[in-house]
Structures are given as C-alpha cells and as structure tokens.
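Nothing fancy with the numbering, it's 1 onward along the sequence.
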Amino acid sequence: MHRTLADDLSRLPELLQSARDLAARELAGLSERPVVHLGKAPDREALPAGGAGAEGALARFTERWAPGFSGSAGPRYLGFVTGGATPASLAGDWLTGVYDQNGSGAAGSWATALERETVSWLRELFGLGEAHSGAFVTGATASNTVGLAIAREWLGERLGVSVSRDGAAALGPVHVLSGSPHSSIGKALSVLGVGRDRLRSMPVLSGNREAVDVAALDSALSALDGRPAIVVANAGTVNTVDFDDLRAIAALRERHDFWLHVDAAFGGFAALSPSYAGLVDGLDAADSVCVDLHKWLNVPYDAAVQFTRRRDLQVAVFHNASPYLGLPVGEPDFVHLTPENSRRLRALPAWFSLMAYGRDRHREIVERNVALARELGERVAATDGLRLLAPVRLNVVCFTLADDPTQERVDALARAVAATGEAFVTPTVYGGTPGLRAAFSNWRTSAADVDRISGAVARAL
C-alpha cells in the first residue's frame, strides 16, 4: 500500500515516536556496537515509483542499512579527530530539523540572533576579543577556506587590487608559509585560485617537533623584501598536537607584513583548561581563526566556526549582490559572510550543548580525554612490539611497530585492530615512518574504554 504525504502527516506523532524508539535503542547499545563495519554494503536498489511511506522507509532502513553504520559516535572510535554528540546537542540537532530555519538572514526569524549569541559564547570560550566576528560553516576545511579567502582579499588591499572583482590572478605570485599545515590548507588554496604549490613548508623545531621554527620563518619573510604574505600557524597539528608559538609569530609583524591565519581546528579547545590554555596563548592576535565543533565540542556533524578581525573584507569576498537578499550594511546577514546562501541553523546544537553544560563540563571533557590519551600512550610504550613516535602532548597518541614499521605492516595492524570491532585508528606518516593515530575527543570515552582499546591493539599485533 502506498502512503501519501498527507497520510504521513496525519500519523506524524506515531512516526516520530518510532524514529525516537530506534534512536534510543541505537544509542543505548552504542558502547557495544562494532566500532566499524568492514563487510560489503547492500547492492543498490532501484528508485521506488510509489514509495513505502515514512513508516515503510524507516523499516527498510532499519533492516537494510542501519546494521552497517559505524559506531563513530561511540567511545572507542579514535580515527581522524571525531567527537560524538552530547545529549543536549542531539536534542538541538533534532529541533534544527523540526524548525527547518534558513539561517542565511535575519528576516522573519530569531534564528540569526541565536547564531550570533552562540558565536559570541564560542569567542569567549576560546579567549578571543570582541574585535573577532564569526560565523558557522560546515567544518574545518570550510573554515580554513573562508579565513584564507579573507587573507587573499587582504593581500589585494595591500597590493592595491580588488581580488573579489579582478580575480586571484591580479595578485601575481602569492606566498603562503607554514610549518606543519593540515591538508585542508592546500585544498583551500586550490579552491581559491592561489594554488597548492604556493604553500611553502617552513622548517620545524628539532627534537621530534612539528611546531614551526620562528627564526626560520622570520628569515623567509625577510627574503620577501616587504611583499605581503600569508602565514598559517597551527594550534594543534594532526599527528602530535604540537602548537606553534603564536605570540612569537604575531610579534614578527613588527618587522614583516603578513596575514596571520591560525588553524585551531581541535587544538583551540586547549583554551578551556587552565592546564593547557598556555598552548594557545596569542590566539587573539590572529587575523583569522578556524575551529571545528564536531570534534571536541561534541556536536553532530556538520559544524565549525570561523573568526576574523576583518569582517569588512569578509563581506567584500562573500556578499551576495541581489536586491531580494538586502545589502550588507550594519551587522551583515550570514548570507554575506560565508560561501553558502541557504544554510542550516548549525548553531542550534552548539547553543544547546553550551547552555546545558557550560564551560565547566566542556572543560572536563577536554581534560578527561587528555588524561586518557596519556594513559594509552603509557600502555603503548610498555607494550612489546610497539613504540611511540612522539610524546603525547594533548589528545592524540602517535605510535608504530617497534620493528620494521613498513607501510604494509602498519596498514595490516590498523586493519586487524578494526577487525576486532573494539577500536578504530587511522594511519599516518610521521618523520618518514608509517604509524597510527589514536585521537581522543569523544565525551563518552572512559578509562574502561582505554582498557578495551589497548587490549584490541595488543591482540592485533
């Protein structure tokens, strides 16, 4: 029997209850769910002509697709840097769909005001001053892209051209300098027409570090003979969560002309803890900042925030020149600040989590994750057949095989860990050596999970 939209609407409370029951069952079993599913996905089916209605679709999803979804929201998924979803943020995410607000502009809704309030809370959380304005975007890649787009416009301002009107070619050669940039920086430069090859990797500090050598950066900037540049600083590198000396880099602007963009995708959350806040000392001096929220804030995908001191340049890049959208005067609508026109109200889950748990509970998540990462690091160091590739500085454990760590053998170890269903880690190469990364950022992860993670790794050897 084919159900119509009207049929589904008339039974919407029952349908939502069915979806709620499925969600409750899945969340209740998340800690015991296999962390990843390695089996073959179902073959594609043809698009149904009439459709099964919402109830039929839910039943079909539960039977056919749900069993193969990973436990990435759970406590032992340590791949990439992956948060979970706090209960409050999940409630906010559901309501985001219910209200279905287009967060592009303020007309007719308080949604934009809620986003502005949430951005102001996040600005305070990360120790940024009121000179920084911000907006929600999809993730760190989008946030880095927005920050570098503003930097590109700043270069034009310094060189007497308008990139937003004349194009990136009007700049001539662009110099982008960074010590250990995330791969999204190269992607952003490609998207922006600057070019991946314009990114110059600077020397890093000796002694198993990924932080930029500020003296070498100083010399490289001097060699530009006054031509303006972009410096991408890192507040938490991917492999070892190393931090550039942001204060020292910012001080170079006394002698050199450059835009300072800080990629603080997850390392920015060090600001929440008095024990680690010194790592991001100087973040407020940045011209633009990237922070990812579906990592350590533990809100559902997708959500990140970008900050900048030059909202005027941001408007020059992203304003949408259409009469029905209005002019970007006063406090511009978000349609004039990001690549998107229509946009989901990503701020609502973050607002819920910040309102529910405040600074203190989010600080506890950060500090507990760091303590658990250090515990796993100690266990790795004590395990025959394994060795740490770097000290555990914050929330990532970077390790490899003690003997003959070839790419093939390390990849086999990663597959063997995943096959246990107990844990998931992702590969990397650090200092030329293939290795694995275990990143702690989920609010659910506990000491008992570290026991299971270390046991899974030991059994996989």
Check: Going through the distances and angles, do E210 and T237 end up as a side-chain hydrogen bond (donor to acceptor under 3.5 Å, both in side chains)?
Finding: CA-CA 7 Å; E210 288 186 300; T237 56; 2.5 Å; yes

Margin query: Quick one, F399 with V392, criterion side-chain contact (heavy atoms from CB on, under 4.5 Å). Give me CA distance, side-chain angles, the key distance, then yes/no.
Written below: CA-CA 10 Å; F399 66 100; V392 181; over 6 Å; no

Checklist line | Stepwise side-chain contact (heavy atoms from CB on, under 4.5 Å) test for F352 and V299 | finding: CA-CA 9 Å; F352 262 77; V299 299; over 6 Å; no

Checklist line | V214 vs L205, side-chain contact (heavy atoms from CB on, under 4.5 Å): CA-CA, chis, key distance, verdict | finding: CA-CA 9 Å; V214 177; L205 297 175; over 6 Å; no

Margin query: I'd like to know whether S288 forms a side-chain hydrogen bond (donor to acceptor under 3.5 Å, both in side chains) with H261, so could you lay out the CA-CA distance, the side-chain angles of the two residues, the decisive distance to 0.1 Å, and finally the verdict.
Written below: CA-CA 5 Å; S288 55; H261 174 77; 2.7 Å; yes

Checklist line | Stepwise side-chain contact (heavy atoms from CB on, under 4.5 Å) check, L221 with L217 | finding: CA-CA 6 Å; L221 290 166; L217 178 62; 4.1 Å; yes

Note to self: Apply side-chain hydrogen bond (donor to acceptor under 3.5 Å, both in side chains) to residues T86 and S89 and explain how you reach the verdict.
What the structure shows: CA-CA 5 Å; T86 60; S89 72; 3.0 Å; yes

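Side chains of N298 and H362: a donor-acceptor N/O pair is absent below 3.5 angstrom, by distance only. A donor-acceptor contact under 3.5 angstrom links the side chains of R437 and T426, judged on distance only. Side chains of N208 and Y430: a donor-acceptor N/O pair is present below 3.5 angstrom, by distance only. For the 3.5 Å distance criterion, the side chains of Q314 and T308 fail to qualify, holding no donor opposite an acceptor. Using a 3.5 Å distance cut-off with no hydrogens or angles, the side chains of R363 and S273 do not pair a donor with an acceptor. Residues D449 and S446 have side chains that bring a donor and an acceptor to within less than 3.5 angstrom of each other. Of the N and O atoms on the side chains of N395 and W296, not one donor lies less than 3.5 Å from an acceptor on the other residue. A donor-acceptor contact under 3.5 angstrom links the side chains of N102 and S104, judged on distance only.
Taking every heavy atom of both residues into account, N239 and V396 meet most closely at O-CG1, 3.3 Å. Heavy-atom minimum distance, F136 versus T338: O-CG2, 4.0 Å. When all heavy atoms are compared, the tightest approach of G92 to P349 is C-CG, 4.0 Å. Of all the heavy atoms in L376 and S454, the pair that sits closest is CD1-CB, 4.0 Å. What you find for D263 and A265 is that their closest heavy atoms are OD1-N, 3.2 Å. Scanning both residues, L148 and A188, for their nearest heavy atoms gives CD1-CB, 3.9 Å.
The closest donor-acceptor contact from the side chain of T445 to the backbone of S441 lies at 3.5 Å or more, if one exists at all. Side chain of N369 to main chain of W443: no donor-acceptor pair is present (N/O by atom type, distance under 3.5 Å, no hydrogens or angles). A donor-acceptor pair is defined here as one N or O able to donate and one able to accept, closer than 3.5 Å; such a pair exists between the side chain of R227 and the backbone of P173. Without hydrogens or angle criteria, R33 side chain to L27 main chain gives no donor-acceptor distance under 3.5 Å. At least one donor-acceptor pair closer than 3.5 Å links the side chain of H319 to the backbone N or O of V315. Side chain of R200 to main chain of V176: no donor-acceptor pair is present (N/O by atom type, distance under 3.5 Å, no hydrogens or angles). Judged by distance alone, with hydrogens and angles left aside, the side-chain atoms of D287 form a donor-acceptor pair with the main-chain N or O of L260 at under 3.5 Å. The backbone N or O of P434 sits less than 3.5 Å from a side-chain atom of T400, completing a donor-acceptor pair. S143 places no side-chain N or O within donor-acceptor distance of the main-chain N or O of A140, the cut-off being under 3.5 Å. Looking only at distances, no side-chain donor or acceptor of T138 sits under 3.5 Å from a matching main-chain atom of D302.
Put simply, CZ on F424 and NE2 on H37 are 12.5 Å apart, with the number rounded to the nearest 0.5 Å. Taking CG of L224 as the reference point, atom NE2 of H175 lies at 5.0 Å (rounded to 0.5 Å). Atom CG of N442 and atom CG of L372 lie 10.5 Å apart (nearest 0.5 Å). Note: I150 CD1 to I230 CD1 = 11.0 Å, rounded to the nearest 0.5 Å. Considering CG of L337 and CG of N320, their distance stands at 11.5 Å, rounded to 0.5 Å. Here the CG atom belonging to D244 is positioned 11.5 Å from the CG atom belonging to L279, to the nearest 0.5 angstrom.
Within a 6.0 Å radius of CZ in R165, no more than 12 heavy atoms belonging to other residues, nucleotides or ligands are found. Within a 6.0 Å sphere centred on CG of D360, other residues, nucleotides and ligands contribute more than 12 heavy atoms.
Put simply, the side chain of P332 reaches to within 4.5 Å of the side chain of R311, judged on heavy atoms. Side-chain contact between R359 and L125 is present, with at least one heavy-atom pair separated by less than 4.5 Å. At a threshold of 4.5 Å between non-hydrogen side-chain atoms, the residues Q101 and T96 do not count as touching. For the pair L114 and T118, the minimum side-chain heavy-atom distance is below 4.5 Å. With a 4.5 Å cut-off on side-chain heavy atoms, N234 and S178 count as touching. Side-chain contact between Y301 and T82 is present, with heavy atoms from C-beta onward closer than 4.5 Å. Side-chain contact between L436 and T428: absent, with no pair of heavy atoms (C-beta onward) separated by less than 4.5 Å. Between F80 and F266 there is no side-chain heavy-atom pair separated by less than 4.5 Å.
Only one option out of R343, R344, R346 pairs with E115 in a salt bridge (charged side-chain N to carboxylate O under 4.0 Å, His left out); it is R343.
Ring pair W121/W351 is parallel by interplanar angle, where below 30° counts as parallel and above 60° as perpendicular.
With respect to D284 and R309, a salt bridge is recorded, a charged nitrogen being found less than 4.0 Å from a carboxylate O. Between E32 and R452, at least one side-chain N (NZ, or NE/NH1/NH2) sits under 4.0 Å from a carboxylate O, which counts as a salt bridge. Contact check on E331 versus R116 returns a salt bridge, with a Lys/Arg side-chain nitrogen under 4.0 Å from an Asp/Glu carboxylate oxygen. Under 4.0 Å is where a charged nitrogen must lie from a carboxylate oxygen, and between R374 and E378 no such pair does.
Taking the six-membered ring for Trp and the full ring otherwise, the centers of H336 and F318 sit at least 6.0 Å from each other. Ring pair F69/F61: centre-to-centre distance below 6.0 Å.
Contacts of F126 classified as ring-ring contact (aromatic ring centres under 6.0 Å, His included), with partners at least two apart in sequence or in another chain: F269.
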